[in-house]
Amino acid sequence: MRENRSCFGQGLRDGLPIAAGYFVVAFTLGIAAKNAGFSAVQAMVASFTNNASAGEYAAFTLVAAGAGYWEVAVMTLVANARYLLMSCALSQKLAPGGALRHRLILAFDLTDEIFGISMARPGYLNPWYTYGAMAVAMPGWAIGTFLGVEMGNVLPLRAASALSVGLYGMFLATIIPPARKSRVVAGVVGVSFLLSLLVSYLPLLSGISSGVKTIVLTVSISLLAAVLFPVKEESPHGA
């Protein structure tokens, strides 16, 4: 019990900068929700139950365009499909024989940033660490959306979008430490950046959604790296 409380507190601490970044990004999302005809409460509930920026942006855009339920559902599924890969990876960090309820709760708020800090934990992941991060990240996302609807006209859209650069800093903080320790990781990160840039500008791939591109690149690069540079089996406890 004491270990769970300690891990929860660490998660709260590490989740605070994520919550701050989510708040800013969600403010912009609230503007999109307002343009789609959502009230502040409706937009907040949507953000609290669907913690995915790309998926929500796509959904609000389609709603504004008068799309049907199936169109919104399919587009949201495609935009958020990368979380299927993250779920598979994070499940390997949990101790064998863990309760199913922990896996279900973790899957509910498996965002890019929370996935990053959870995977960076040494040894098996104590679910209470991720719960701590979720406890501040989820309200930050939902409240930011609410205020974006209520006060979206106060802050220029370009200014709100510019503030979202802070999230890129979180990504860098997640990948730089392991990249500095391993040339293989650094090489894989560099190749990932390069290929992501290429597929974004190739005319032949312009009709494919960014979510699908991300999945294909992630699976391909990970598989190739695993074959060429296999990692020796180690104890998850770091022993």
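- Defined by atom type and a distance below 3.5 Å, a donor-acceptor pair is missing between the side-chain atoms of N51 and Y22.
- Atom OG1 of residue T145 and atom CZ of residue F60 lie 6.5 Å apart, to the nearest 0.5 angstrom.
- The two atoms that bring Y131 and R101 nearest to each other are OH-O, 4.4 Å, heavy atoms only.
- Atom OG of residue S118 and atom CG of residue L106 lie 7.0 Å apart, to the nearest 0.5 angstrom.
- With S6 contributing its side chain and R2 its backbone, the two residues share no donor-acceptor pair below 3.5 Å.
- If you take CG on L84 and CG on L110, they are separated by 10.0 Å, rounding to the nearest 0.5 Å.
- The hydrophobic cluster containing L228 also contains V191, counting ILVMFWY residues as joined when their side-chain heavy atoms lie under 4.5 angstrom apart, directly or transitively.
- Contact record, V149 with G30: CG2-O, 3.2 Å, taken as the closest heavy-atom pair.
- Taken together through direct or relayed side-chain contacts under 4.5 Å among Ile, Leu, Val, Met, Phe, Trp and Tyr, L223 and L85 form parts of separate hydrophobic clusters.
- Between atom OG of residue S47 and atom CG of residue L29 there is a gap of 5.0 Å, rounded to the nearest 0.5 Å.
- I18 and A137 make their closest contact through CG2-CB, 4.2 Å (heavy atoms, listed as atom of the first residue, atom of the second, distance).
- L194 and L224 fall within the same hydrophobic cluster, where Ile, Leu, Val, Met, Phe, Trp and Tyr residues are linked whenever their side-chain heavy atoms come under 4.5 Å apart, directly or through other members.
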Under the side chain to side chain contact (heavy atoms under 4.5 Å, CB included) rule, what do N126 and F8 come out as? Steps first, then yes or no, please. CA-CA 9 Å; N126 186 320; F8 187 84; over 6 Å; no
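- The shortest heavy-atom contact between F108 and T49 is CE1-O, 3.9 Å.
- Considering only heavy atoms from C-beta on, W128 comes within 4.5 Å of H102 through its side chain.
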Evaluate the criterion side chain to side chain contact (heavy atoms under 4.5 Å, CB included) for residue pair L198 and L195; output intermediate values, then yes/no. CA-CA 5 Å; L198 290 177; L195 292 181; 4.2 Å; yes
Mind running side chain to side chain contact (heavy atoms under 4.5 Å, CB included) on Y124 and L94 for me, showing each step along the way? CA-CA 5 Å; Y124 286 128; L94 300 175; over 6 Å; no
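- Nearest heavy-atom pair across C88 and Q92 is O-CG, 3.4 Å.
- Interatomic distance, Y129 OH to N4 CG, rounded to the nearest 0.5 Å: 15.0 Å.
- Ring pair F23/F27 is tilted by interplanar angle, where 30° to 60° counts as tilted.
- Looking at heavy atoms from C-beta onward, L90 lies out of side-chain contact with R103 at the 4.5 angstrom threshold.
- Looking only at distances, a side-chain donor or acceptor of N35 sits under 3.5 Å from a matching main-chain atom of I31.
- A 6.0 Å sphere centred on OH of Y69 holds no more than 12 heavy atoms belonging to other residues, nucleotides or ligands.
- Smallest separation of non-hydrogen atoms from K93 and P122: NZ-C, 4.2 Å.
- A single hydrophobic cluster is not seen to contain both L100 and I105; linkage of ILVMFWY side chains at heavy-atom distances under 4.5 Å, directly or through other members, places them apart.
- Distance check: Y83 OH to T111 OG1 gives 6.5 Å after rounding to the nearest 0.5 Å.
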